[in-house]
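Report on one structure; see the data block that follows.
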Amino acid sequence: MAKKSNSVEFETIQKVIELIKTYFSGKKINLYEEIQELGIDLSIDKKFSSKFSKEIIQYLVENVNYGEFTTYSDIGNAINTKAYRAIGNVMQKNPLPLIIPCHRVIRKNGTLGGFMGETNESWQKNLKLNLLKIEGIK
DNA sequence: TGCATAATAACGA
DNA sequence: TCGTTATTATGCA
């Protein structure tokens with residue numbers, strides 16, 4: 001039976017789940033690369049429209065690996081802007097949280113910042129903290 | 001505590 | 001569409 005080019009085999013999904021399990025077990029893997037190697041198209045060009053947002057995401061997937069973290073101002077320096085709030089806006093629209101490591105972006109003063117649109121105490125923000133703990137950051 | 005700074009959503013016209 | 005305004009996962013004086 002013919003499968004559409006943009007559909008994904010169940011087997012592939014299982015592999016993705018294994019990757020995520022591996023990630024949560026504490027092993028250092030690059031989810032973005034590993035998942036893309038399974039043949040799933042995660043190209044940033046398709047997920048983000050503006051050049052501004054592409055630069056931010058590219059910086060993240062290329063420079064912030066497992067166990068590392070960055071700050072909103074670091075990203076600002078990297079792409080030559082002081083619009084730190086705009087960077088947060090891009091994160092909020094991240095279609096692939098976890099895979100694109102927006103949880104590794106924290107505030108310069110050491111506090112967490114937000115996650116998945118939430119700034120107050122919430123399960124989303126708590127999740128961010130726990131992800132960082134798993135990676136040995138916080 | 002205020003202001004700068006860029007993107008985006010929400011409006012009206 | 002297009003201009004204006006409010007909002008934002010920030011940072012710094």
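Excluded from the calculations below are hydrogen atoms, water molecules and symmetry mates; all remaining heavy atoms, backbone and side chain alike, are included. Keep in mind that what you see is a predicted model, and the values were worked out from it rather than measured.
- When heavy atoms are screened at a 4.0 angstrom cut-off, A/K125 is found touching no nucleic acid atom at all.
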- Apply salt bridge (Lys or Arg N to Asp or Glu O under 4.0 Å) to the pair A/E135 and A/R104, showing each step before the final yes or no. CA-CA 9 Å; A/E135 301 190 10; A/R104 298 185 189 133; 2.8 Å; yes
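- With a heavy-atom cut-off of 4.0 Å to chain A, the contacted part of DNA chain B has its first and last nucleotide at B/dA4 to B/dT8.
- One N or O on the side chain of A/K128 and one on the backbone of A/V105 form a donor-acceptor pair closer than 3.5 Å.
- Under the 4.5 Å side-chain heavy-atom criterion for Ile, Leu, Val, Met, Phe, Trp and Tyr, A/F52 and A/V64 are members of the same hydrophobic cluster.
- Between A/K15 and A/E18 there is no salt bridge, since no side-chain nitrogen of the basic residue lies less than 4.0 Å from a carboxylate oxygen of the acidic one.
- No side-chain donor from either of A/N120 and A/S122 sits under 3.5 Å from a side-chain acceptor of the other.
- Between A/M91 atom CE and C/dG11 atom P there is a gap of 11 Å when expressed in whole angstrom units.
- Proximity of a side-chain donor or acceptor of A/E68 to a complementary backbone N or O of A/N65 within less than 3.5 Å is detected.
- The strand DNA chain C forms stems, runs of 3 or more Watson-Crick or G-U wobble pairs with distances below 3.5 Å, at B:1-4 with C:10-13, B:6-13 with C:1-8.
- A donor-acceptor pair is defined here as one N or O able to donate and one able to accept, closer than 3.5 Å; such a pair exists between the side chain of A/K125 and the backbone of A/T119.
- No donor-acceptor distance shorter than 3.5 angstrom exists from the side chain of A/D74 to the backbone of A/T70, with no hydrogens or angles considered.
- Side chains of A/S53 and A/S50: a donor-acceptor N/O pair is present below 3.5 angstrom, by distance only.
- Within residues 72-88 of chain A, the residues approached by DNA chain C to less than 4.0 Å at the level of any non-hydrogen atom are A/Y72, A/S73, A/Y84, A/R85, A/G88, in residue-number order.
- Checked by atom type and distance alone, the side chain of A/Y32 pairs as donor or acceptor with a backbone atom of A/L42 at under 3.5 Å.
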